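Notes follow once the structure below has been shown.
Everything numeric in this text was worked out from a predicted model, so none of it was measured.
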Amino acid sequence: MSQDKIDVKDVTPKTFNPKTHKGNGDRFNPSNRIYVRESKGTFQKLRRYGGWFLLVLFAIIPWIPYGERQAVLLDIGNQQFNFFGTTFTRKISPYSPCYLWWRPLVCSLSLPF
């Protein structure tokens, strides 16, 4: 094995710059704060406008009538969720996806190995 050493380059700054030095100073000092810059671009605009659209939709949808009820209604007392005329209940029927998923799983695990 060779005992040669790898050259190391010293990269520590030689000068003190008070604008970039953060130090252990006061955390409320304005020179020690990080400022966020504005993001620009097509996808940022799309994200911003899409977010506003969804917030407005979330606020308006309970007042939209559909048939005899609200378009979207969460009925906690009867454990029902109405979404544009379709009612989802907590009751499990033999043809619900939950029951159709558990039946093959239970049958396959009950088989002897």
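Transitive grouping of hydrophobic side chains (ILVMFWY, heavy atoms separated by less than 4.5 Å) keeps L46 and L57 in distinct clusters. No path of Ile, Leu, Val, Met, Phe, Trp and Tyr side chains, each step under 4.5 Å between heavy atoms, connects W52 with I61, placing them in separate hydrophobic clusters. F53 and W63 are not part of a single hydrophobic cluster, where members link through side-chain heavy atoms under 4.5 Å apart. Note on F58: it does not cluster hydrophobically with V56, by side-chain heavy-atom contacts below 4.5 Å among ILVMFWY residues. Both I64 and L54 are members of a single hydrophobic cluster when ILVMFWY side chains are connected at heavy-atom separations under 4.5 Å.
A distance of 4.5 Å separates CZ in R69 from CG in N82, rounded to the nearest 0.5 Å. One distance of note links OG1 of T89 with CZ of F81; it measures 12.5 Å at 0.5 Å rounding.
Contact between R48 and S39 at its shortest, heavy atoms only, is NH2-O, 3.9 Å.
Within 6.0 Å of the CD1 atom in I76, the count of heavy atoms belonging to other residues, nucleotides or ligands does not exceed 12.
Ring orientation note: the planes of Y66 and F84 are nearly perpendicular, at an angle over 60° on the 30°/60° scale.
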